[in-house]
Structures are given as structure tokens and as C-alpha cells.
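In each ligand, atom 1 is the first atom listed, and ligand 1 is the first ligand listed. For this chain, numbers begin at 1 and follow the sequence in order. Quick caveat, the model's predicted, so the values are computed rather than measured.
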Amino acid sequence: MGKVVGETEVMVGSMTSSKSGVVIKNLEVAFGSLEVLRGVNLEISPNTITALMGPSGSGKSTILRVLNRLIEIYPDARVKGDVLLDGRSIFEMDVVELRKRVQMIFQIPNPIPNLSIFENVALGLKLNRLVNGRRELFQRVKQALEKAQLWDEVKDRLNAPAGKLSGGQQQRLCIARALAFNPEVLLADEPTANLDPENTAKIEALFLELKKEMTIVLVTHYPPQAARISDYVAFLYKGQIVETGPTKEVFTNPKHELTEKYVTGRL
Ligand code: ADP
Ligand code: MG
């Protein structure tokens with residue numbers, strides 16, 4: 001089974017029936033003379049959580065930055081290869097449109113601290129003229145906060161500054177801000193690394209809900225998190241994917257020595 005994209009037949013296997021899988025093809029990234037991704041190939045199936053794991057510096061964040069073309073803000077970054085979203089090259093898309101479809105959250109929650117909780121979620125919708133009128137705006141913001149499982153905690157103080165929220169709440173606010181765009185892909189770069197176990201558990205449970213509606217690419221340097229919530233893992237080492245497969249398989253029966261060392265905490 002293949003999917004016809006222009007003149008090219010692209011094999012996407014089981015992904016042909018669903019929308020918005022991601023295919024990374026021969027991706028190479030260098031900063032000046034430093035090669036940080038050296039031929040990465042990966043298929044990310046829709047409606048899954050795929051964990052990118054690997055030691056610090058292995059290139060995990062760089063992969064995410066390519067997937068929404070954030071990499072283009074680095075003047076010395078050179079990118080080769082291709083990334084297909086729903087069968088189309090992201091490099092042929094309008095970058096603003098791409099970033100609505102592929103949203104990202106970071107390790108350190110980054111709401112605008114002096115702006116209200118409501119406005120943090122509303123701002124992107126307003127700037128991109130995605131809503132008509134106050135009423136629709138309110139509904140969209142409410143829906144995003146509900147989906148991020150934050151609504152009940154903030155509904156009585158929507159005008160409070162976002163900076164007053166706890167770290168875990170701020171991260172869920174950033175997720176709400178991302179969800180306001182109804183993205184097809186959510187990129188999460190170590191989203192719980194700064195959170196306590198309780199808030200980490202909340203966000204992990206939230207991701208398991210969200211994957212019903214979108215594709216999640218989760219970067220983690222903490223293998224137990226990948227084991228708990230991901231469907232697939234890709235283990236990255238020095239800019240290359242050493243091993244990839246269903247999470248259970250990779251954790252119980254790693255094929256590569258480096259993977260085995262990594263998942264058992266010896267790397
Ligand atoms: P990870 O997220 O796995 O820790 P990164 O993708 O952030 O790894 O980084 C991979 C490598 O690329 C590291 O050696 C890092 O120092 C280097 N790197 C990342 N961003 C830049 C940049 N803007 N300029 C130069 N080198 C960079
Ligand atoms: Mg990183």
C-alpha cells in the first residue's frame with residue numbers, strides 16, 4: 001500500500017488510512033561543522049505516542065525543532081533530507097500553517113507570565129484570526145482548557161496572571177495554548193522534567209487522552225516515562241537512531257547493546 005504524493009509513491013505502511021503521521025527521511029542536521037543528526041529515518045504513526053529517548057546531546061530536541069521548522073531560526077543550521085506530514089513535505093508548506101498543525105511544548109513552561117490565564121490561550125487564536133467574536137473566542141479557550149484538564153482549576157480566575165499558577169498548572173496552560181489550534185501533532189520536549197511526580201502523572205495521563213485526537217512525539221531522557229506511556233520508542237545516540245520499535249519490545253528485548261545499557265540505566 002502506498003500513498004500518491006505528486007509523482008512520488010511514498011510507502012507509509014499502516015499509516016495510509018489515517019491522517020497526520022510523520023515520516024522522517026534521511027534527516028541530516030549540522031550546525032556549522034558539527035553534525036548533530038546523521039541520517040535519521042523514522043515513521044511516526046498517527047494517534048500514537050512516540051518517545052524519542054537518548055542521552056543528553058544525542059539530538060532529540062533537534063529532531064523536534066525540525067518537525068515544526070523551528071530549526072530555521074538558527075542561522076548556521078543546515079538541514080538535509082525530508083519530513084512528510086500526512087504525506088506532504090513540511091518544507092513545501094507555509095511555515096505559519098505548519099506551526100498551527102504541529103504545536104510544541106517545552107521543558108520549562110513558558111506562558112507569558114503577566115498576561116492572564118485566558119489571554120495566554122486566546123492570543124494565538126486572535127493573532128491568527130481563527131475566531132469570530134468574543135463568544136466564539138471564549139468557547140475555544142474554554143474547550144482548550146478543558147482538554148488540558150485545567151479548566152476546573154482556573155475557571156474562577158481566568159483573569160489572573162498566568163505566572164501565579166503552579167509549575168504543573170503552567171505546563172497544562174501551555175498545553176491548552178497548543179491545543180487551541182487543534183493541532184494534528186504535539187511535540188513535547190521533556191515536558192515533565194521540571195515537575196514533581198504528581199504533576200508528572202497528570203501530564204502523562206493527559207497525553208494518553210490526547211493521543212486519541214493527535215500524534216504525540218515525546219522527548220524524554222528518562223526511560224521509565226517512555227516505558228509508561230509511549231507506544232513506540234526510538235533510541236537516539238550521537239545523532240543516529242540505534243533502535244526503534246514498539247515500546248514493550250524495545251524495553252524487554254533490546255536488540256542493540258547500547259539500547260540495553262540505556263534502558264537499564266547503565267549509559
Ligand atoms: P538533546 O536534546 O538530545 O540533548 P540536542 O538536539 O539539543 O540534543 O543537541 C544535539 C547536539 O547539537 C548537541 O551536541 C548540541 O550541543 C548541539 N546543538 C544544538 N543546538 C545547537 C546550536 N544552535 N548551535 C550549535 N550546536 C547546537
Ligand atoms: Mg534536548
Side-chain angles (χ1 to χ4, degrees), residues 22-44 49-83 90-91 95 98-99 102-110 167 170-171 174-175 178 185-195 199-200 203-204 207 215-230 232-245 247 250-251 254 256-267:
V22 177
V23 182
I24 301 173
K25 296 168 85 175
N26 298 319
L27 181 64
E28 295 176 21
V29 175
F31 293 102
S33 61
L34 181 68
E35 294 176 2
V36 300
L37 293 178
R38 299 179 295 143
V40 167
N41 288 284
L42 185 64
E43 291 197 10
I44 298 169
I49 299 176
T50 296
L52 302 180
M53 59 181 196
S56 185
S58 55
K60 307 179 296 296
S61 296
T62 302
I63 292 182
L64 291 194
R65 290 187 196 113
V66 172
L67 297 185
N68 66 356
R69 290 176 53 187
L70 199 59
I71 195 76
E72 291 170 17
I73 70 172
Y74 300 93
D76 62 339
R78 279 182 296 118
V79 180
K80 285 188 206 162
D82 204 358
V83 175
I90 63 167
F91 299 105
V95 72
L98 173 71
R99 289 191 189 146
V102 181
Q103 287 284 312
M104 186 159 179
I105 62 165
F106 301 88
Q107 174 172 346
I108 302 194
N110 59 352
Q170 289 192 26
Q171 191 59 295
C174 292
I175 294 172
V185 180
L186 180 66
L187 309 173
D189 197 348
E190 310 208 21
T192 63
N194 278 40
L195 301 181
N199 279 295
T200 298
I203 287 186
E204 289 181 357
F207 282 1
T215 305
I216 299 178
V217 188
L218 169 69
V219 161
T220 179
H221 67 246
Y222 184 57
Q225 178 163 69
R228 280 198 296 267
I229 63 166
S230 71
Y232 297 92
V233 293
F235 170 57
L236 209 70
Y237 190 75
K238 295 186 176 167
Q240 289 183 315
I241 291 182
V242 170
E243 185 162 346
T244 178
T247 301
V250 173
F251 274 86
H256 198 288
E257 198 188 319
L258 282 171
T259 318
E260 207 234 316
K261 278 192 173 160
Y262 187 72
V263 300
T264 53
R266 291 180 293 127
L267 187 73

> Which residue and atom name correspond to the protein heavy atom nearest atom 23 (N) of ligand 1, and how close is it?
Tyr74 CD2, 3.3 Å
> Within the structure, is a non-hydrogen atom of Ser58 found at a distance of less than 4.0 Å from ligand 1?
yes
> Enumerate donor-acceptor pairs with a distance under 3.5 Å from any side-chain N or O in residues 51-60 to protein atoms, sequence neighbours excluded.
residue : atom : partner : partner atom : Å
Ser58   : OG   : Pro55   : O            : 2.7
Lys60   : NZ   : Gly54   : O            : 2.9
Lys60   : NZ   : Pro55   : O            : 3.1

> Looking only at protein heavy atoms, which one is nearest to atom 10 (C) of ligand 1, and what is the separation?
Gly57 O, 3.4 Å
> Nearest protein heavy atom to atom 3 (O) of ligand 1: under 4.0 Å?
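Flag for atom 3 (O) of ligand 1 set to true, protein heavy atom closer than 4.0 Å.
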> Could any protein non-hydrogen atom be found less than 4.0 Å from atom 15 (C) of ligand 1?
no
> Thr62 to ligand 1: N or O pair under 3.5 Å?
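Min N/O separation from ligand 1 is below 3.5 Å for Thr62.
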> By number and element, which atoms of ligand 1 are closer than 4.0 Å to a non-hydrogen atom of Pro55?
3 (O)
> At a cut-off of 2.8 Å, list the protein N/O/S atoms near the Mg ion (ligand 2), residue plus atom name.
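Per the 2.8 Å query on the Mg ion (ligand 2), atoms found are Ser61 OG.
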> Give the residue and atom name of whichever protein heavy atom lies nearest to atom 26 (N) of ligand 1, and the separation in Å to one decimal.
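The answer is Phe31 CD1, 3.5 Å.
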> Under the rule for side chain to side chain donor-acceptor pair (under 3.5 Å), what residues qualify as partners of Ser61, not counting sequence neighbours?
Asp189
> So, regarding Gly59 and ligand 1 (criterion: nitrogen or oxygen to nitrogen or oxygen, under 3.5 Å), is there a contact or not?
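Gly59 vs ligand 1: N/O contact under 3.5 Å present.
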> So which heavy atom in the protein is nearest atom 17 (C) of ligand 1, and how far is it from that ligand atom?
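The protein heavy atom lying closest is Val36 CG1, 3.7 Å.
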> According to the salt bridge (charged side-chain N to carboxylate O under 4.0 Å, His left out) rule, which pairs have a member within residues 73-83, sequence neighbours left out?
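Non-adjacent pairs meeting salt bridge (charged side-chain N to carboxylate O under 4.0 Å, His left out): zero.
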